[in-house]
Student: 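Questions regarding the structure given below will be posed in turn.
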Amino acid sequence: MFAPVRYIEWALKFYGKVPLDLASSGIPTASWSELGVPEPSLDDPSAYAAFRETIALYNDVPRGEVVPALGTSHAVFLAYAAMLSPGDEVLVELPGYEPLTRTAVGLGATVRTFERLATDGFAISPERVAAAVTSRTRVIVVTNLHNPTGVRTSDETLRELAKIAEARGAYLLVDEVYAPFDALPEDGVFHASARKLAPNIVAVSSLTKCYGLGMHRIGWVLGPPEIVERAETAIIATCGHLPLSHAARGAVAVANVGKLSVRAKGILAGKRDIAAQWASTIPNASWSAPTSGLFGLVTLEGAPDLLPRIESWANEHGLLVGAGSFFGVPNGFRLSWATLPTKRFEAALAKLGALLR
Ligand SMILES: Cc1ncc(COP(=O)(O)O)c(C=O)c1O
């Protein structure tokens with residue numbers, strides 16, 4: 001059974017409804033006109049092949065490794081459905097993004113976790129992962145950039161994790177929906193997909209977070225042939241086939257993300273440094289110090305669960321941060337610079353600083 005996702009329920013209650021938004025984790029919504037190309041015809045069946053091809057070109061992988069999906073959420077579902085049987089184990093990072101756990105459990109898997117420690121700067125320790133793997137582990141799951149800290153994992157570490165998985169006949173699933181933030185591609189090609197690092201790596205992503213096209217649900221799974229085949233079977237089982245209009249829009253949007261990269265860079269410019277500088281002024285606070293992206297994690301040493309305070313800041317002061325409680329860090333919050341323009345961002349940080357003091 002698919003249990004409610006506490007984080008998503010909370011996000012639906014608060015995100016987009018609070019004026020000083022330091023919580024939302026994606027580039028603000030882009031309109032179709034910002035792609036600079038006309039809307040495509042929505043009833044040309046060749047769009048299915050074109051969509052697959054453009055996803056392959058964008059990710060610099062062979063076409064046969066691509067399965068289109070309805071956003072990263074659906075891609076995660078398809079990837080899990082292609083890899084898991086009831087009773088299998090999934091090993092997920094902690095802190096972590098709750099749907100990666102709930103979806104696996106919904107499909108009958110057992111979820112175990114491995115910790116990314118604050119004392120290691122939330123880096124992944126392959127030794128810790130290796131120690132947590134069992135003979136029933138089918139998938140090791142990580143986000144890159146890490147949600148909620150924004151910390152990047154190196155290709156070398158991802159290869160090590162893939163080897164640990166391979167020794168058990170398992171896969172490494174990399175949710176790389178935030179990964180293009182490292183080098184938003186103005187040439188429209190994301191050169192750094194984890195899919196290319198090892199045969200047993202499955203990558204999922206979408207145009208949601210980096211490009212502001214979340215409402216169009218343009219996503220994909222990248223994987224080896226057996227995963228592609230089973231993910232396609234899972235599409236048939238869930239909806240027969242994806243909408244033709246989705247493929248038509250998706251093909252054009254993916255082919256034109258270069259313009260949205262330029263837009264995203266403009267929206268983010270300079271704000272990560274402002275956030276880091278601000279965090280250094282908060283007593284007893286540690287900052288996850290992401291090197292790219294649009295959020296980082298603030299943790300307050302020795303603090304109790306901050307959720308009640310965070311909700312009161314939202315309700316009484318119109319200021320929202322992402323409650324760490326939903327990611328397994330109750331004494332922390334995710335701070336995002338995606339939404340507010342620089343001056344308002346600075347004003348919101350000043351207000352948050354006063355509330356924290
Ligand atoms: C790590 C991660 N993966 C997936 C998603 C969902 O992406 P999409 O909107 O493309 O389904 C999110 C949304 O917050 C996320 O943080």
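Both ligands and their constituent atoms are indexed starting at 1 by order of listing. These numbers come from a predicted model, not from an experiment.
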Student: For Glu229, is the CD atom crowded, meaning more than 12 foreign heavy atoms sit under 6.0 Å from it?
Tutor: no
Student: Does Arg138 come within less than 4.0 Å of Glu89, counting only side-chain N to carboxylate O?
Tutor: no
Student: Which residues satisfy the ring-ring contact (aromatic ring centres under 6.0 Å, His included) test with Tyr48, sequence neighbours excluded?
Tutor: none
Student: Tell me, which protein residue and heavy-atom name are nearest atom 5 (C) of ligand 1, and how many Å apart are they?
Tutor: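 For this ligand atom, the closest protein heavy atom is Tyr97 OH, 3.3 Å.
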Student: With atoms numbered from 1 as shown, which atoms in ligand 1 lie under 4.0 angstrom from a non-hydrogen atom of Lys209?
Tutor: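 Under 4.0 Å from Lys209, ligand 1 has these atoms: 12 (C), 13 (C), 14 (O).
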Student: Which part of Arg217 is near ligand 1, with near meaning a heavy atom under 4.0 Å away: side chain, backbone, both or neither?
Tutor: side chain
Student: Contact between Tyr211 and Ile218 at the side-chain level, heavy atoms closer than 4.5 Å - yes or no?
Tutor: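 A side-chain contact under 4.5 Å is absent here.
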Student: Report the part of Ser73 in contact with ligand 1, treating N, CA, C, O as backbone and CB onward as side chain, heavy atoms under 4.0 Å; options are side chain, backbone, both, neither.
Tutor: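 Both of them.
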Student: Where's the contact between Val177 and ligand 1, heavy-atom distance under 4.0 Å: side chain, backbone, both or neither?
Tutor: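 The answer is the side chain of Val177.
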Student: If you measure only the distance, is there a donor-acceptor pair under 3.5 Å linking the side chains of Ser206 and Thr72?
Tutor: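 Judged by distance alone, the side chains do pair up.
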Student: Check ligand 1 against Thr143 and write out every atom of the ligand that is under 4.0 Å from a heavy-atom position of the residue.
Tutor: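 So the atoms of ligand 1 that pass are 1 (C).
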Student: If you count the atoms of ligand 1 from 1 in the order shown, which ones are under 4.0 Å from a heavy atom of Ser206?
Tutor: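 Close to Ser206: 10 (O).
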Student: Would you say the side-chain atoms of Ser325 pair up with the backbone N or O of Pro330, donor to acceptor, closer than 3.5 Å?
Tutor: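 No, Ser325 side chain to Pro330 backbone: no donor-acceptor pair under 3.5 Å.
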Student: Do me a favour and list the nearest non-hydrogen protein atom to atom 7 (O) of ligand 1 with residue, atom name and distance?
Tutor: Thr72 CB, 3.5 Å
Student: Per the side chain to side chain donor-acceptor pair (under 3.5 Å) rule, which among Arg195, Arg52, Lys196 passes with Glu65?
Tutor: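 Checked Arg195, Arg52, Lys196 against Glu65; only one passes side chain to side chain donor-acceptor pair (under 3.5 Å): Arg195.
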Student: For atom 3 (N) of ligand 1, what's the nearest protein heavy-atom neighbour? Residue, atom name and distance, please.
Tutor: Asp175 OD2, 2.5 Å
Student: With heavy atoms under 4.0 Å as the rule, classify the contact between Ser25 and ligand 1 as side chain, backbone, both or neither.
Tutor: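 Answer for Ser25: side chain.
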